[in-house]
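Starting from 1, each residue takes its place in the sequence as its number. Excluded from the calculations below are hydrogen atoms, water molecules and symmetry mates; all remaining heavy atoms, backbone and side chain alike, are included.
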Amino acid sequence: MANVKLLRGRRLVASVGVTSVFIFACGRQQPGAGRESDGLSSAVETAAMQITGDYLRDAVAMLASDEFEGRAPGTAGDRRTRTFLTSRLEALGFRPGGPGGQWEQTFDVVGVTPKVPPTWRFQGATSVELRARDDFIAVSGVQADSASLDRAEVVFVGYGIEAPEYRWDDFKGVDVKGKVLLMLNNDPDWDPSLFEGVRRLYYGRWTYKYESAARHGAAGAIIIHTTPSAGYPWQVVQSSWSGEQFELPAEGETRIQVRAWTTEAAARRIVAAAGKSLDDLVAAARSRDFAPVPLGLRTSLTLRNTLTKVQTANVAGLLEGRDRELRREVVIFTAHHDHLGIGEPDSDGDRIYNGARDNATGCAQLLAIARALSALPEKPRRSILMLFVAAEEQGLLGSEFYARHPTFPAGRIAANINYDGAGIWGRTTDVTFVGLGKSSLDDVARAAAARKGLSLEGDQFPDRGFYYRSDQFSFAKIGVPALKFGTGLHVVGKPESWGREQMEAWEARRYHQPGDELDASWNFDGMVAEAQLGLYSGWAIAEADSMPTWNAGDEFEAARKAAIAATQGQP
């Protein structure tokens, strides 16, 4: 994925949000809507009743069944998934929304399956040998028969970040071409005035780390995993990065040979072989004055790759808007339909990574919202696109492909509303908005939450960088303001900490594991509310005279302005 220069946003209120608040709270007539908004608001509320727990449960049960084989890209389960989604959209009265009047936007993905040696040796005054899977995970950074490191020097580069707007440069002009970069996960998080404090930015994502290494001509990069810095345990790295890895076909971009992760314990052993302390290196990296530290170690590694090319697809259903002019603009709802397929067995021998919460729930919510929209007596002013994107688990590939080849110009995409991992623990008094504080969608989301009697909270796990970990990021990069409703943590009738404990337990035991399955403990009340919020918000955005805007100074504001300018004068 392309690098994004990150700038700190300032919180300003934009007129579209205020208008949306009036739509919800006051029932005042929307200019140009052509009818009393009280009646239309009542119709939306009635339509919201089509979003039920039973409907959501049935869709999740189907998509997360063993019959769908974990929905990996290019598999029979993937094709079965797309057929199911298409049939549901067609039955709800949507028409094909893909290129050329098709239901699907097909694209190729390259599968790379590396044969990883059982050990990886680092040699210096002393040597250390790491064990595959237990100590390290390595995948190919190139789409070739092999990827290799040949006695490459190992250099510790701190966080591997260049952020001029924060006066931060971990490279200091040091030439690291052909070297292997050992780097910390996350971004500097100990000072609210530096970067964004505990709120992780794109600089802290693994994608940025590998992109950074490639820009500097490195041969490879090793990210040091810790559960706090990653936001998930080592087992998630093992499951997510093992077996076949999918990418969009290479287009000549600069790449590193090897992308790797290592445990903190293994990293300590590597650094100790260089006669240094990892704690000392980490302490040094917490300063703007840090400069790369050569470790005096060299390493070689060869991955023998099996390459395949398979086809997957985004599924798109369109509800054309009623307004002759505004129907050229669109609100895009997204949820990724893929998961990890069939992989390494768990302790019970289960090899199917069903992906019930991640992300059969999001797909079910989009279908339920589509069901509600189809029940409205009239269509919204702007068009609505239900977009089920492929290969999110492989690096947001489906949404990235759509962003590169949109069916509506980026400057006419009013907003993206994304669903990924719904609440399964019951009704809450709050709801999370990942991206709160970035755009005029704040007002839309607040009004929707108020309609349900919910408090609106920002990202309640800001250290995990969720904004950059799901498909809304692909839309934000082309300038589209994005809204992602997430699970509230304050579950009705439960102790204050119970919701957070459930979320953390799920991430530790089920996230990207075969255990992510539908079971009798699920409570769909919160999931229903989250979907209804999306209906309210999507309708308000589609009805408003103006499209949403980023707050002044936001990292994506310039892309929005450029996208809108590109549509000027177009039919």
Open item on the list: I want to check something: taking the side chain as every heavy atom from C-beta on, are V109 and Q394 in contact at a cut-off of under 4.5 Å?
Closed with: no
Open item on the list: Tell me which pairs pass side chain to side chain donor-acceptor pair (under 3.5 Å) where either residue lies in residues 93-106, with sequence neighbours left out.
Closed with: R82-E104, Q105-N314
Task: Min side-chain heavy-atom separation K452-V431 under 4.5 Å - done: no
Task: Closest non-hydrogen atom pair between D516 and N354, with its separation - done: O-CB, 3.7 Å
TODO: Describe, in one word, how the ring planes of F68 and F84 are oriented to each other, choosing from parallel (under 30°), tilted (30 to 60°) and perpendicular (over 60°).
DONE: perpendicular
Open item on the list: For the residue pair D519 / S521, report whether a side-chain donor-acceptor contact shorter than 3.5 Å exists.
Closed with: yes
- [ ] Indicate whether the side chain of S240 and that of H512 have a donor and an acceptor atom separated by less than 3.5 Å.
- [x] yes
Task: Pair T334-D471, side-chain donor/acceptor within less than 3.5 Å - done: no
- [ ] Write out all pairs satisfying ring pair (Phe, Tyr, Trp, His ring centres under 6.0 Å) with one or both partners inside residues 393-412, taking only residues at least two apart or from two chains.
- [x] F107-F401, F401-H405, Y402-F475
Open item on the list: Any non-hydrogen side-chain atom of L319 less than 4.5 Å from a side-chain atom of F94?
Closed with: yes
- [ ] For residues V491 and T428, determine if any side-chain heavy atom of one lies less than 4.5 Å from a side-chain heavy atom of the other.
- [x] yes
- [ ] May I have all residue pairs that pass side chain to side chain donor-acceptor pair (under 3.5 Å) and include part of residues 483-495, sequence neighbours excluded?
- [x] R357-T487, H490-E496
Open item on the list: With no hydrogens and no angle check, just 3.5 Å: does a side-chain donor-acceptor pair link Q238 and S242?
Closed with: no
TODO: Measure across W550 and R560 and return the closest heavy-atom pair with its distance rounded to 0.1 Å.
DONE: CD1-CB, 3.4 Å
TODO: Please find out if less than 6.0 Å separates the ring center of Y208 from that of Y468.
DONE: no
Open item on the list: Ignoring hydrogens and geometry beyond distance, is a side-chain donor-acceptor pair present between N418 and H336 at under 3.5 Å?
Closed with: no
TODO: Check whether more than 12 heavy atoms from other residues, nucleotides or ligands sit under 6.0 Å from atom CZ of R427, and answer yes or no.
DONE: no
Open item on the list: Within the structure provided, determine whether E504 and F461 are in side-chain contact (heavy-atom separation under 4.5 Å).
Closed with: yes
- [ ] Provide the closest heavy-atom pair for A422 versus M527 in the form atom of the first, atom of the second, distance.
- [x] CB-CG, 3.4 Å
Open item on the list: Could you check whether R381 pairs with E325 (Lys NZ or Arg NE/NH1/NH2 to Asp/Glu carboxylate O, under 4.0 Å)?
Closed with: no
Task: Ionic contact status for D58 with R88, cut-off 4.0 Å - done: no
Task: Non-hydrogen atoms of M547 and A414 that approach each other most closely - done: SD-CA, 3.6 Å
- [ ] Verify the distance criterion only: is there a donor paired with an acceptor across the side chains of Y202 and T207 at less than 3.5 Å?
- [x] yes
TODO: Drop me the distance from E393's CD to L340's CG, to the nearest 0.5 angstrom.
DONE: 5.0 Å
Open item on the list: Side chains of T308 and E244 only: does a donor on one sit below 3.5 Å from an acceptor on the other?
Closed with: yes
- [ ] Check L89 against F388 and note the closest heavy-atom contact, atom names and distance.
- [x] CD1-CE1, 3.8 Å
Task: R322 with E543: basic N within carboxylate O range, under 4.0 Å - done: yes
Task: Reported SG-to-CG distance for the pair C363 and L63, which is rounded to 0.5 angstrom - done: 5.5 Å
Open item on the list: I need the minimum non-hydrogen distance between L92 and A370, along with the two atoms involved.
Closed with: CD1-CB, 3.9 Å
